[in-house]
Amino acid sequence: MPASPPRLSVIIPAYNEAARLPTTLERVWDFLQAQPWTSEIMVVDDGSQDATGAVTRRFGEGKAVRLLQPGHQGKGGAVREGMLKAEGDALLLCDADLATPIEDVTPLLAALDAGADIAIGSRAVRGSVLHVRQPLYRELMGRAGNLLIQAAVLPGLHDTQCGFKLFHRAVAREVFSRLELTGMSFDIEALTIARRLSYSIVEVPVHWSHQPGSKLRLVRDYGGALRDLVRIRRLHPP
């Protein structure tokens with residue numbers, strides 16, 4: 001008899017994350033091992049130039065930890081690879097910096113169990129706790145960006161950019177097989193596709209702490225996000 005799929009796959013996209021991954025993997029693994037259900041971790045190495053792959057292999061020896069190395073595609077491409085190849089009943093996108101702690105997957109799983117197709121961690125809904133806030137200029141840019149995102153493609157979603165999102169596996173396959181963008185705006189496109197396919201999306205409050213070492217470059221990436229919004233509307237019209 002084939003083994004049953006794990007209850008949860010945790011997908012961690014990683015680009016030059018050798019310094020952070022040991023702590024992140026240990027925290028995620030320890031949490032998962034304490035749960036009554038089965039799980040796996042999948043690290044998708046996005047063409048790192050450091051020891052990201054070696055760190056993952058070393059940690060994963062004898063554990064349910066998988067490493068994918070599809071080459072450099074951008075964060076969206078890495079997430080797509082993981083979402084299309086992970087085997088869990090539910091698939092969690094979890095950033096390597098653990099700005100949202102892995103423990104917050106519990107209410108996201110509860111939201112899926114209650115009927116949601118997708119549950120996304122949100123820093124902007126009642127009940128969220130921001131332990132360490134971003135610098136003010138980043139926070140203001142994020143708020144302005146969200147207003148544009150709501151106006152352009154995703155009305156009613158208050159935080160599309162938190163790197164903590166949970167999908168039913170079948171939903172993830174449908175959404176990410178259609179993904180075109182491979183850069184930082186992939187979240188917006190993925191959720192837009194989900195809306196166009198009539199999947200339900202629930203925002204769940206999370207705990208969140210700004211982490212140093214962000215790879216977001218303000219002018220370049222926000223300018224690119226504006227161009228991406230235009231492309232997303234063209235690719236996935238209402």
Side-chain angles (χ1 to χ4, degrees), residues 8-17 19-21 23-25 27-28 31 41-46 48 52 68 73-83 86 88 90-109 111-112 118-125 128-135 138-139 141-143 145-146 149 154 157-167 172 175-176 179 181-194 201-218 221-222 224-225 228:
L8 178 70
S9 295
V10 179
I11 298 162
I12 304 175
Y15 178 69
N16 292 342
E17 292 287 3
R20 280 198 283 217
L21 268 178
T23 299
T24 294
L25 290 171
R27 284 183 58 189
V28 172
F31 169 79
I41 299 172
M42 176 180 287
V43 175
V44 188
D45 178 5
D46 185 33
S48 297
T52 290
L68 295 183
Q73 302 179 60
K75 184 177 181 180
V79 173
R80 180 179 60 197
E81 289 284 332
M83 288 287 175
L91 311 183
L92 176 71
L93 163 62
C94 178
D95 279 352
D97 61 6
L98 278 188
T100 301
I102 186 60
E103 292 79 6
D104 278 8
V105 74
T106 301
L108 270 66
L109 283 166
L112 260 61
I118 302 167
I120 63 174
S122 177
R123 299 160 290 184
V125 296
S128 61
V129 179
L130 304 185
H131 295 287
V132 181
R133 305 184 78 99
Q134 300 179 80
R138 283 185 179 269
E139 195 163 315
M141 288 292 289
R143 291 178 185 176
N146 179 258
I149 292 166
L154 290 168
L157 286 186
H158 301 91
D159 185 4
T160 61
Q161 301 309 108
C162 180
F164 204 74
K165 296 179 173 69
L166 187 69
F167 298 75
V175 168
F176 284 91
L179 197 75
L181 304 187
T182 58
M184 299 296 286
S185 300
F186 78 94
D187 312 68
I188 306 169
E189 187 189 12
L191 296 175
T192 300
I193 293 168
I201 305 170
V202 174
E203 288 189 86
V204 179
V206 293
H207 300 78
W208 190 84
S209 297
H210 174 68
Q211 301 294 318
S214 170
K215 295 180 174 61
L216 183 68
R217 299 296 177 261
L218 195 65
D221 290 333
Y222 274 102
D228 286 342

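Residue indices begin at 1 and follow the sequence shown. Only heavy atoms go into these numbers, but all of them, side chains included; no hydrogens, no water, no symmetry mates.
In this structure, the side chain of T52 engages the main chain of E17 through a donor-acceptor pair within 3.5 Å. For the pair R80 (side chain) and L179 (backbone), a donor-acceptor distance under 3.5 Å is present. Between the side chain of S9 and the backbone N or O of G88, at least one donor-acceptor pair lies under 3.5 Å. The backbone N or O of N16 lies less than 3.5 Å from no partner atom in the side chain of D46, so there is not a single donor-acceptor pair. At distances below 3.5 Å, at least one donor-acceptor pair connects side-chain atoms of E203 with backbone N or O atoms of H158.
For L112 against A90, the heavy-atom pair with the smallest separation is CD2-CB, 4.2 Å. Heavy-atom minimum distance, W208 versus V132: CZ3-O, 3.6 Å. Counting all heavy atoms, side chain and backbone alike, V204 lies closest to A119 at CG2-CB, 4.2 Å. Of all the heavy atoms in A14 and L21, the pair that sits closest is CB-CD1, 4.3 Å.
For the side chain to side chain contact (heavy atoms under 4.5 Å, CB included) with L166, the lone residue among V202, L109, V10, D104 that qualifies is L109. Shown are P107, S122, S128; of these, the side chain to side chain contact (heavy atoms under 4.5 Å, CB included) with P205 is made only by S128.
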| task | For the pair C162 and R123, evaluate side-chain contact (heavy atoms from CB on, under 4.5 Å) and give the outcome as yes or no after the intermediate values. | result | CA-CA 7 Å; C162 180; R123 299 160 290 184; 3.9 Å; yes
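Remark: I149 CD1 to D159 CG distance equals 9.0 Å, nearest 0.5 Å. Taken to the nearest 0.5 Å, the CD atom of E81 stands 6.5 Å off from the CG atom of L68. Separating the CD atom in Q211 from the OG1 atom in T24 is a distance of 8.5 Å, to the nearest 0.5 Å.
For the pair V79 and D187, the minimum side-chain heavy-atom distance is 4.5 Å or more. Looking only at side-chain heavy atoms (C-beta outward), D228 and F186 stay at 4.5 Å or farther from each other. In this structure the side chain of F176 reaches within 4.5 angstrom of the side chain of F167, judged on heavy atoms. Side chains of Q161 and I188 form a contact here, defined as non-hydrogen atoms less than 4.5 Å apart. Looking only at side-chain heavy atoms (C-beta outward), K165 and L191 come within less than 4.5 Å of each other. The shortest distance between side-chain heavy atoms of I11 and L91 falls below 4.5 Å.
Residues satisfying the ring-ring contact (aromatic ring centres under 6.0 Å, His included) criterion with H207, sequence neighbours excluded, are H131.
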Donor-acceptor pairs are to be reported for all side-chain atoms of residues 92-103 against protein atoms at under 3.5 Å, with residues two or more places apart or in another chain.
unit_1: D95; atom_1: OD1; unit_2: K75; atom_2: NZ; d: 2.9
unit_1: D95; atom_1: OD2; unit_2: K75; atom_2: NZ; d: 3.3
unit_1: D97; atom_1: OD1; unit_2: A99; atom_2: N; d: 3.0

